[in-house]
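A quick write-up on the structure given underneath.
Just so we're on the same page: letters track the sequence lines, and every chain starts at 1. Everything numeric here is computed off the predicted structure, so don't read it as measured data.
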Number of protein chains: 2
Amino acid sequence: MSDDPACLVTPPLSRRRGRPPRAPGDGDDVRDLLIRTGIALLTEKGYVATGLDEILQIARVPKGSFYHYFDSKESFGLRLIDGYAAYFDRRLERFLSDDARAPLDRLRAMIDDACAGMARHAYRRGCLVGNLGQEMGALPESFRQRLHDVLLGWQARTAHCLRLARDAGDIAPGSSCADLAAFFWIGWEGAVLRAKLERGPVPLRLFEKVFIAGLGASAVGARARSVSGE
Amino acid sequence: MSDDPACLVTPPLSRRRGRPPRAPGDGDDVRDLLIRTGIALLTEKGYVATGLDEILQIARVPKGSFYHYFDSKESFGLRLIDGYAAYFDRRLERFLSDDARAPLDRLRAMIDDACAGMARHAYRRGCLVGNLGQEMGALPESFRQRLHDVLLGWQARTAHCLRLARDAGDIAPGSSCADLAAFFWIGWEGAVLRAKLERGPVPLRLFEKVFIAGLGASAVGARARSVSGE
DNA sequence: GCGATTTATTGGACCGATCGTCTTTTAAAA
DNA sequence: TTTTAAAAGACGATCGGTCCAATAAATCGC
């Protein structure tokens with residue numbers, strides 16, 4: 001799914017060396033600014049391809065400051081995951097727990113929102129978690145557990161919503177909503193990747209359509225085998 | 001899906017300078033060796049994170065030779081995609097056109113093969129196309145079309161097999177097999193990504209299970225709307 | 001209130017890796 | 001004998017992450 005942080009970037013700027021005069025409204029949100037900028041760049045280009053220089057330059061934060069705010073690129077990356085997860089969790093909460101809608105409509109609303117997010121960035125930005133997951137082969141091992149945990153969290157929220165839908169009769173009884181939720185996030189990450197490749201919304205919408213159509217079939221395990229008489 | 005090339009690497013080795021004596025069986029497969037080695041490394045670590053030096057070192061090909069065989073890293077990358085696509089196409093052909101099996105069983109056999117491939121490399125290697133797709137934000141634009149075309153090819157083969165399954169009554173009539181095939185590859189790339197993240201087969205098998213279970217439901221477009229009375 | 005100390009922030013140097021190129025050297029092929 | 005295929009390895013420019021010295025603000029002792 002796509003995100004939003006770091007859309008507006010209007011940060012500090014100074015020339016002289018040493019500690020600068022305290023900028024008026026700036027508080028100490030330099031760290032946050034770096035995180036938001038980092039998320040924006042990493043969702044587009046990934047971890048390895050994005051240099052600290054580029055992040056700092058766009059955020060207008062001097063290079064020497066980086067190691068004042070973070071220990072290393074690795075720990076910075078972990079912070080990005082946390083920031084992204086927090087942002088995303090608020091979003092999921094808003095949609096999947098929206099009592100004003102029927103459960104399945106909440107899922108649709110969430111998907112609509114994600115599609116709008118990707119469109120807003122011309123399908124150039126993907127999902128930070130998906131990006132980093134694919135890069136794991138070249139990433140610090142510390143990322144793995146964290147990414148996995150984030151996905152499990154999203155799945156848990158989704159499973160809960162699907163259970164409500166099942167209770168409402170919109171999903172075949174006997175379906176494993178945990179499996180369906182896992183299936184959704186496995187596939188959705190694929191759809192985001194594909195949308196980034198095609199630079200268009202078709203894969204997202206196709207995934208939505210077929211996924212929701214499939215919800216009626218379910219009774220997941222049992223039906224699968226009966227189909228071809230295994 | 002996972003791949004296989006460059007499992008055994010026992011390449012040329014010489015010390016003296018200048019053109020070496022023609023190795024006995026070697027023919028002129030240095031180019032192929034580089035391609036196979038490149039595929040192996042890129043499926044694991046991606047394009048950006050993999051340096052030419054590393055590829056050359058593993059293949060035991062001297063650095064000075066690279067630009068004799070390829071124009072640049074970019075054109076090398078394009079050759080890798082071609083090589084991977086060719087390899088993969090043979091594999092899809094073998095499974096999806098195996099008249100000895102029922103259509104849906106061919107799909108299952110293909111998935112089994114892919115799972116075995118990923119297991120063989122301890123779930124460290126993914127799909128070259130998926131990897132490069134996710135990296136597109138940092139890749140030469142020339143890769144985009146080629147990657148997309150490869151995926152369309154896989155989908156076409158898959159759609160054909162699904163149509164046979166529909167004719168055999170294993171998929172609800174009225175289903176759009178083109179949509180289902182696209183859905184499969186969108187989601188499967190996500191499953192491979194997730195399996196790489198988790199370093200285990202669960203996502204692959206879960207995706208298989210739910211996807212095949214869903215095939216019974218289908219009549220894709222129509223059913224989707226009737227579910228929640230949109 | 002005022003000098004001394006501490007802390008926050010930054011300019012820029014550092015070192016290693018990477019890509020792509022080039023020259024020289026040697027062996028095979030013609 | 002000449003030409004071509006292939007390799008060794010250095011090279012430069014660039015860029016990556018890291019770190020330290022320099023400097024100003026904040027704080028404290030008196």
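Taking atom CG of A:L33 as the reference point, atom C1' of C:dT9 lies 15 Å away to the nearest angstrom. Across the protein-nucleic acid pair, A:Q57 atom CD and C:dG11 atom P stand 13 Å apart, rounded to whole Å. One interatomic measurement links the two molecules: CZ of B:F76 to C1' of C:dT18, which rounds to 15 Å at whole-angstrom precision. When rounded to the nearest whole Å, the span between CZ of A:F66 and P of C:dG11 equals 16 Å. Computed from coordinates, the B:Y69 OH to C:dC19 P distance equals 19 Å when rounded to whole Å. If you measure from atom CZ of B:F70 to atom P of C:dC19, you get 15 Å, rounded to the nearest angstrom. To the nearest angstrom, P of C:dA8 lies 10 Å from CZ of A:R31. The separation between B:I55 atom CD1 and C:dG20 atom C1' is 14 Å, rounded to whole Å.
The phosphate of C:dT10 has OP1 or OP2 within less than 4.0 Å of a side-chain N or O from A:S65. Using a 4.0 Å cut-off, no side-chain N or O of A:H68 falls inside it from OP1 or OP2 of C:dA8.
Cation-pi contact between B:K73 and B:Y47: present, with separation from the ring centre below 6.0 Å and deviation from the ring axis of at most 45°.
The distance from the NZ atom of B:K196 to the CZ atom of A:R144 is 9.5 Å, given to the nearest 0.5 Å.
No more than 12 heavy-atom neighbours from other residues, nucleotides or ligands sit within 6.0 angstrom of NE2 on A:H160.
Not one N or O on the side chain of A:R124 forms a donor-acceptor pair closer than 3.5 Å with the backbone of A:E44.
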For nucleotides 10-17 of chain D, print each protein N/O atom paired with a nucleotide N/O atom at under 3.5 Å, atom names and distance only.
from: D:dG16; atom 1: OP2; to: A:D53; atom 2: OD2; distance (Å): 3.1
from: D:dG17; atom 1: OP1; to: A:K73; atom 2: NZ; distance (Å): 2.7
from: D:dG17; atom 1: OP2; to: A:L52; atom 2: N; distance (Å): 2.6
from: D:dG17; atom 1: N7; to: A:K63; atom 2: NZ; distance (Å): 3.3
from: D:dG17; atom 1: O6; to: A:K63; atom 2: NZ; distance (Å): 3.2

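In this pair, A:F70 and A:F76 present their aromatic rings perpendicular. The plane angle is above 60°, beyond the 30 to 60° band. The aromatic rings of B:Y84 and B:Y87 sit tilted relative to each other, their planes meeting at an angle between 30° and 60°.
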